[in-house]
Chemist: 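What follows is a single structure, and I will ask about it in a moment.
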Protein chains: 2
Amino acid sequence: MSLRFTLLGFLSYGPMTGYDLKKHIDNSTQFFWHASLSQIYPTLKRMDEDGLVEAAVIPQEGRPDKKVYTITPAGQAALMDWLAEPLGELSPQKDPALLKLFFSGVLNREAILAHLCRHQELHRARLAHYRKETASYIEQIIVATDFTREGIMWELVRQWGEQYEQAYIQWLEQAIATIEEEF
Amino acid sequence: MSLRFTLLGFLSYGPMTGYDLKKHIDNSTQFFWHASLSQIYPTLKRMDEDGLVEAAVIPQEGRPDKKVYTITPAGQAALMDWLAEPLGELSPQKDPALLKLFFSGVLNREAILAHLCRHQELHRARLAHYRKETASYIEQIIVATDFTREGIMWELVRQWGEQYEQAYIQWLEQAIATIEEEF
DNA sequence: CCTAGCATGTAACCAGTTACATGATTCA
DNA sequence: TGAATCATGTAACTGGTTACATGCTAGG
């Protein structure tokens, strides 16, 4: 259901194609909400049937016709209802890396350390991404569109990403120390 | 796929029914891997067909026969292969609460603050849970089974849960301050 | 020459949720 | 009296992934 709201959210900033939406998702919500084109296209189609968006077909040569989607008043209303609705329970997360670690007591010291170091590398890369690419993307959009209020929210969420990665890396540091001492 | 490894992981500690497995999941992996009974039962059945586990049927009166599953050598091997295999990319997370916040720039100051406070409450409750219920559950199992090596891993993962929640709460604190000042 | 970007989709499949179905025992 | 615990499952559905299909243009 949240994919529909993701799409409505971006379309509330302006009309766009499914392809454009995918790029915005990849550049901003990617790390707390992602979707593939093969999920986006049929979803937009159903949202059109439900009257939440409207498609304007722009003929093109040499490539498929462009479908530019615009949010309808009904779509705006649905988005606002969802935004206003209080948060439910925390949504359960799944993290295969933690699961593997949880059951890794049977492995030897070196194998566990290898997992932890690899894990740390991945999180360092992501931290760098939040600080560089994500930060500049947000700034760029704020400058281009003058969405200052929206920009405050985007930036807050980006900061959570940064702090999350920092905390993760710190914990892994401690975990490595623990294994080196106790295992 | 990871559900199969979750079940194999717990079954490597000893034979159990699907019902027992569900309780272990709820008490320990719940926050990074969860599953419902209606997913666990058919999965165990298919794992039996694939030779990863074996069921011993224990007739009971007044309730369905108990099926106690035991991990087979093939199951043990599959579990070890998975544990040894290096971590792939970070698995994409989905968090509807962050998504809502991301698009909340159109809401007024009070509505945003309400979301943030509610969010903080939920995370405080979870932090308390990790510190009390989860911690005592782990200690209890370590004492009962003498799985000290395994216990170190369980405790490490629990500590991540605790640090994650602390970081989340801190970020929300900052976010509340930012909205109060800038919005 | 090959990769990336533009631009759309369908079909088969897998994972996971929700609702349904049964039924005894224990505890507040 | 009603909820929780024990103990199993099935069926319909929703959400999401993977593979397939088409085909032009621009740039390194």
Side-chain angles (χ1 to χ4, degrees), chain A residues 1-8 10 15-27 29-50 53 55-69 88-96 99, chain B residues 1-8 10 15-27 29-50 53 55-69 88-96 99:
Chain A
M1 201 69 319
S2 289
L3 176 58
R4 285 166 99 99
F5 295 118
T6 309
L7 300 176
L8 283 176
F10 282 116
M16 259 179 268
T17 65
Y19 194 86
D20 296 332
L21 283 162
K22 169 63 173 163
K23 279 192 299 181
H24 276 104
I25 289 173
D26 286 349
N27 283 311
T29 68
Q30 177 69 200
F31 298 110
F32 50 93
W33 205 276
H34 62 97
S36 60
L37 280 171
S38 60
Q39 199 194 352
I40 292 170
Y41 288 128
T43 303
L44 283 169
K45 201 179 180 180
R46 266 173 274 124
M47 287 166 73
D48 191 345
E49 285 158 18
D50 296 347
V53 296
V57 180
I58 297 174
Q60 294 194 129
E61 284 165 36
R63 55 184 70 170
D65 292 351
K66 219 183 211 182
K67 282 193 185 174
V68 178
Y69 286 93
E89 290 305 297
L90 293 179
S91 80
Q93 302 292 313
K94 294 204 167 181
D95 187 336
L99 188 67
Chain B
M1 201 68 320
S2 288
L3 176 58
R4 285 166 99 102
F5 294 118
T6 309
L7 300 175
L8 284 177
F10 282 117
M16 260 180 267
T17 65
Y19 194 86
D20 295 332
L21 283 162
K22 168 65 172 159
K23 280 192 297 179
H24 275 103
I25 288 173
D26 286 350
N27 283 311
T29 68
Q30 178 69 197
F31 298 110
F32 51 92
W33 204 275
H34 62 98
S36 61
L37 280 171
S38 60
Q39 200 195 353
I40 292 170
Y41 287 130
T43 303
L44 283 169
K45 201 178 180 180
R46 264 173 276 125
M47 287 166 74
D48 191 345
E49 285 158 19
D50 295 347
V53 296
V57 180
I58 298 175
Q60 293 193 129
E61 283 163 37
R63 55 185 70 170
D65 293 349
K66 216 182 214 182
K67 282 194 186 171
V68 178
Y69 287 93
E89 289 305 295
L90 294 179
S91 79
Q93 301 293 311
K94 293 203 167 180
D95 189 335
L99 189 66

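Below, all heavy atoms of this structure are taken into account, side chains as well, without hydrogens, waters or symmetry copies. Throughout, a chain's letter reflects where its sequence line sits, starting with A, and its residues are numbered from 1.
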Chemist: Can you measure M1(A) atom CE to dG16(C) atom C1' for me and round it to whole angstrom units?
Modeler: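 Between C1' of dG16(C) and CE of M1(A): 16 Å.
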Chemist: The criterion is side-chain contact (heavy atoms from CB on, under 4.5 Å); which residues satisfy it with P64(B), sequence neighbours excluded?
Modeler: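 Here no residue qualifies.
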Chemist: Can you measure D65(A) atom CG to dG23(D) atom P for me and round it to whole angstrom units?
Modeler: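 Rounded to the whole Å, the gap is 14 Å.
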Chemist: Contact class for K23(B) (heavy atom, under 4.0 Å): base, sugar-phosphate, or nothing?
Modeler: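 Result for K23(B) = sugar-phosphate.
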Chemist: Rounded to whole angstrom units, what separation is found between the CD atom of Q93(A) and the P atom of dG16(C)?
Modeler: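 For the pair Q93(A) CD and dG16(C) P, the rounded distance is 14 Å.
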Chemist: Please compare W33(A) and P64(A) by the position of their nearest nucleotide in DNA chain D and report the one closer to 5'.
Modeler: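 Result: W33(A).
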Chemist: Taking the side chain of K45(B) as its heavy atoms from C-beta onward, which of dG16(D), dG9(C), dT10(D) lies nearest to it?
Modeler: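 Looking only at side-chain atoms, K45(B) lies closest to dT10(D).
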Chemist: Could you report the tightest heavy-atom contact between V53(A) and Y69(A), atom names first, then the distance?
Modeler: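 That closest heavy-atom pairing would be CG2-CD2, 3.7 Å.
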Chemist: Between the opening five pairs and the closing five pairs of the helix from dC1(C)-dG28(D) to dA28(C)-dT1(D), how far apart are the helix axes, to 10°?
Modeler: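 For the helix from dC1(C)-dG28(D) to dA28(C)-dT1(D), the axes at either end differ by 50°.
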Chemist: Check salt bridge (charged side-chain N to carboxylate O under 4.0 Å, His left out) between K66(A) and all other residues, then give those that pass, not counting sequence neighbours.
Modeler: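 In terms of salt bridge (charged side-chain N to carboxylate O under 4.0 Å, His left out), with neighbours along the sequence ignored, K66(A) is linked to no residue.
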Chemist: How close do P15(A) and V68(A) get, heavy atom to heavy atom, and via which atoms?
Modeler: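 That closest heavy-atom pairing would be CB-CG1, 3.7 Å.
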Chemist: Using whole Å, what does the distance between atom C1' of nucleotide dC6(D) and atom NZ of K66(B) come to?
Modeler: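 The distance from NZ of K66(B) to C1' of dC6(D) comes to 9 Å, rounded to the nearest Å.
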Chemist: The criterion is salt bridge (charged side-chain N to carboxylate O under 4.0 Å, His left out); which residues satisfy it with E89(B), sequence neighbours excluded?
Modeler: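 In terms of salt bridge (charged side-chain N to carboxylate O under 4.0 Å, His left out), with neighbours along the sequence ignored, E89(B) is linked to R118(A).
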Chemist: Take the protein atom OH of Y19(B) and the nucleotide atom P of dT5(D), then report the distance between them rounded to whole Å.
Modeler: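 Answer to the nearest Å: 7 Å.
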Chemist: What N/O pairs connect the protein and nucleotides 25-28 of chain D at under 3.5 Å? Give each pair on its own line.
Modeler:
none

Chemist: Which whole-number value in Å describes the distance from L37(B) CG to dT17(C) C1'?
Modeler: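 Distance check: L37(B) CG to dT17(C) C1' gives 13 Å.
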Chemist: Rounded to the Å, how far apart are Q60(A) CD and dG23(D) C1'?
Modeler: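 Between C1' of dG23(D) and CD of Q60(A): 12 Å.
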Chemist: Applying side-chain contact (heavy atoms from CB on, under 4.5 Å), name anything that partners Y41(A), two or more places apart in sequence or on another chain.
Modeler: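 With sequence neighbours excluded, Y41(A) shows a side-chain contact (heavy atoms from CB on, under 4.5 Å) to Y19(A), L37(A), given in chain and number order.
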Chemist: Compare the minimum distances between each of dT10(C), dG9(C), dG5(C) and the side chain of P42(A), then state the nucleotide with the smallest one.
Modeler: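 Ranking dT10(C), dG9(C), dG5(C) by closest atom to the P42(A) side chain puts dT10(C) first.
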Chemist: Between K94(B) and T17(B), which is nearer to the 5' end of DNA chain D once each is assigned its nearest nucleotide?
Modeler: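 The 5'-side residue here is T17(B).
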Chemist: What is the distance, to the nearest angstrom, from the CG atom on L21(B) to the C1' atom on dT5(D)?
Modeler: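 Checked: the CG to C1' distance equals 17 Å.
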Chemist: Check whether any side-chain nitrogen or oxygen of K22(B) sits under 4.0 Å from OP1 or OP2 of dT8(D), and answer yes or no.
Modeler: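 No, outside the criterion.
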Chemist: Only counting residues at least two apart or in another chain, list the ones meeting salt bridge (charged side-chain N to carboxylate O under 4.0 Å, His left out) with D50(A).
Modeler: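 Only R4(A) meet the salt bridge (charged side-chain N to carboxylate O under 4.0 Å, His left out) criterion with D50(A).
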Chemist: Can you list the residues that meet the side-chain contact (heavy atoms from CB on, under 4.5 Å) rule with Q39(B), with sequence neighbours excluded?
Modeler: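 Result, side-chain contact (heavy atoms from CB on, under 4.5 Å) vs Q39(B): L3(B), A35(B), S36(B), T43(B).
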Chemist: Just jot down the side chain to side chain donor-acceptor pair (under 3.5 Å) partners of D20(A), sequence neighbours excluded, or say none.
Modeler: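 For D20(A), the residues satisfying side chain to side chain donor-acceptor pair (under 3.5 Å) (neighbours in sequence not counted) are T17(A).
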Chemist: I'd like to check the salt bridge (charged side-chain N to carboxylate O under 4.0 Å, His left out) partners of D26(A); sequence neighbours left out, ordered by chain and number.
Modeler: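 For D26(A), the residues satisfying salt bridge (charged side-chain N to carboxylate O under 4.0 Å, His left out) (neighbours in sequence not counted) are K22(A).
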Chemist: Does atom NZ of K45(A) have more than 12 heavy-atom neighbours, drawn from other residues, nucleotides or ligands, at distances under 6.0 Å?
Modeler: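 Incorrect, the count does not exceed 12.
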Chemist: Considering only nitrogen or oxygen atoms on both sides, find all protein atoms under 3.5 Å from nucleotides 18-21 of chain D and state each distance.
Modeler:
| from | atom 1 | to | atom 2 | distance (Å) |
| --- | --- | --- | --- | --- |
| dT18(D) | O4 | S38(A) | OG | 2.8 |

Chemist: Among residues at least two apart in sequence or on other chains, which ones pass side-chain contact (heavy atoms from CB on, under 4.5 Å) with F10(B)?
Modeler: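 Expected list: F102(A), F103(A), T6(B), Y13(B), M16(B), L21(B), H24(B), I25(B), S28(B), T29(B).
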